[in-house]
2 protein chains.
Amino acid sequence: MSDFKDFIGSEKGPQCPRVYILALTDTLNVISGKWKLPIIAALLRGVNRFKDLLDSTEKITPRMLSKELKELEINSIVERKVYNQTPVLIEYRLTNSGKDIANVIDSMIDWGMIHRTQVITKTDAGEGS
Amino acid sequence: MSDFKDFIGSEKGPQCPRVYILALTDTLNVISGKWKLPIIAALLRGVNRFKDLLDSTEKITPRMLSKELKELEINSIVERKVYNQTPVLIEYRLTNSGKDIANVIDSMIDWGMIHRTQVITKTDAGEGS
DNA sequence: ATGTTCAGTATACAAAAGTATACTGATATT
DNA sequence: AATATCAGTATACTTTTGTATACTGAACAT
């Protein structure tokens with residue numbers, strides 16, 4: 001497991017390797033923005049078609065959905081499969097990497113929940129600003 | 001440990017609890033944007049003063065640094081301490097939550113690195129588009 | 001009195017991200 | 001022939017995010 005702290009947490013530690021920075025900004029690009037996580041969540045739930053993603057992702061416009069799906073496809077997070085039936089069927093599916101991002105989401109949820117309890121505890125009992 | 005997959009990864013699983021969504025968006029807000037992670041990284045390295053953060057965070061303007069530090073302070077990621085010496089000394093320090101976010105960063109780096117190797121493997125050997 | 005450092009603020013602007021609304025084209029249904 | 005569905009695209013915005021450049025004010029140092 002990589003350990004950012006080892007590189008960046010010490011007063012005069014080694015520089016953070018560039019591959020770490022690249023990996024980090026990749027990840028940030030994949031999850032940043034208003035719609036990426038809602039779309040990934042829908043795909044994880046097994047929603048795969050454009051129309052269904054439109055309906056299940058509250059208030060997103062087709063323009064944004066189209067744009068986001070393209071970005072996710074370019075970054076190998078989703079695959080687009082065309083089935084030449086009529087009416088044409090197009091399915092978006094998470095790649096293995098795409099599925100694995102659930103681990104990142106988990107660690108974000110963990111931090112967020114602990115952070116909330118810590119902030120609330122401080123606000124209740126602390127020296128309050 | 002929370003498990004997003006359990007809630008969102010199954011075809012007809014339970015709905016994702018709202019507290020998870022809140023925690024997740026909290027985390028996203030803390031790390032999103034051009035400067036949040038560079039600033040947090042500098043703070044983890046032990047850079048604590050406005051001027052030093054300006055110098056060590058490449059190309060950031062005082063306006064942005066000031067704005068970001070305020071946001072981080074409001075969200076209890078950093079504490080601002082004023083030492084009434086002359087010249088006045090002001091230190092920004094990560095809270096415990098702020099330090100813990102290194103765990104999230106680690107999982108982001110892990111995903112990013114694995115993702116890169118998978119994409120490269122596919123591109124080298126796969127059916128390439 | 002003039003200049004220097006620290007810790008910022010003020011104003012204006014540019015670029016990126018997101019929204020609103022309407023439309024397209026292929027195929028099928030009535 | 002008119003209508004509907006799927007999978008989007010087109011155009012024109014508005015909002016948010018980030019940049020550039022200059023300035024402020026307190027406390028010293030020369």
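Basis for what follows: all heavy atoms, side chains included, without hydrogens, waters or symmetry-related copies. In the text below, chain A, chain B and the rest are named by the order of the sequence lines, each starting its count at 1.
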Between P on D:dT17 and NZ on B:Lys67, what's the gap in Å once rounded to a whole number? 7 Å

Whole-Å gap separating P (C:dG8) and CG (B:Leu89): 11 Å

If I take atom CE in residue B:Met64 and atom P in nucleotide D:dT21, what distance separates them, rounded to the nearest angstrom? 16 Å

Test salt bridge (Lys or Arg N to Asp or Glu O under 4.0 Å) on A:Lys36 and A:Glu71 and set out the steps. CA-CA 10 Å; A:Lys36 296 277 169 52; A:Glu71 277 185 49; 3.3 Å; yes

A:Ser66, nearest nucleotide to its side chain (from C:dA7, D:dT9, C:dT21): D:dT9

Touch class at under 4.0 angstrom, heavy-atom based, for A:Tyr92 against every strand present: sugar-phosphate

For A:Arg63 and A:Glu91, find the nucleotide of DNA chain D closest to each by heavy atoms; which residue's nucleotide sits nearer the 5' end? A:Glu91

Mind checking if A:Lys36 touches a base, just sugar-phosphate, or nothing, with heavy atoms under 4.0 Å? nothing

Of A:Ile60 and B:Arg49, the one whose closest DNA chain C nucleotide lies more 5': B:Arg49

Hey, does A:Pro87 reach any base, or is it just sugar-phosphate, or nothing, if we go heavy atoms under 4.0 Å? nothing

List the steps and the verdict of side-chain contact (heavy atoms from CB on, under 4.5 Å) for B:Tyr92 and B:Leu43. CA-CA 8 Å; B:Tyr92 294 92; B:Leu43 291 166; 4.1 Å; yes

Find the distance B:Lys34:NZ to D:dT19:C1' and express it as a whole number of Å. 8 Å

Rounded to whole Å, the CD-P distance (A:Glu68 to D:dG8) equals 14 Å

Is there a side-chain contact (heavy atoms from CB on, under 4.5 Å) between B:Asn103 and A:Trp111 once you walk through the steps? CA-CA 8 Å; B:Asn103 295 324; A:Trp111 180 87; over 6 Å; no

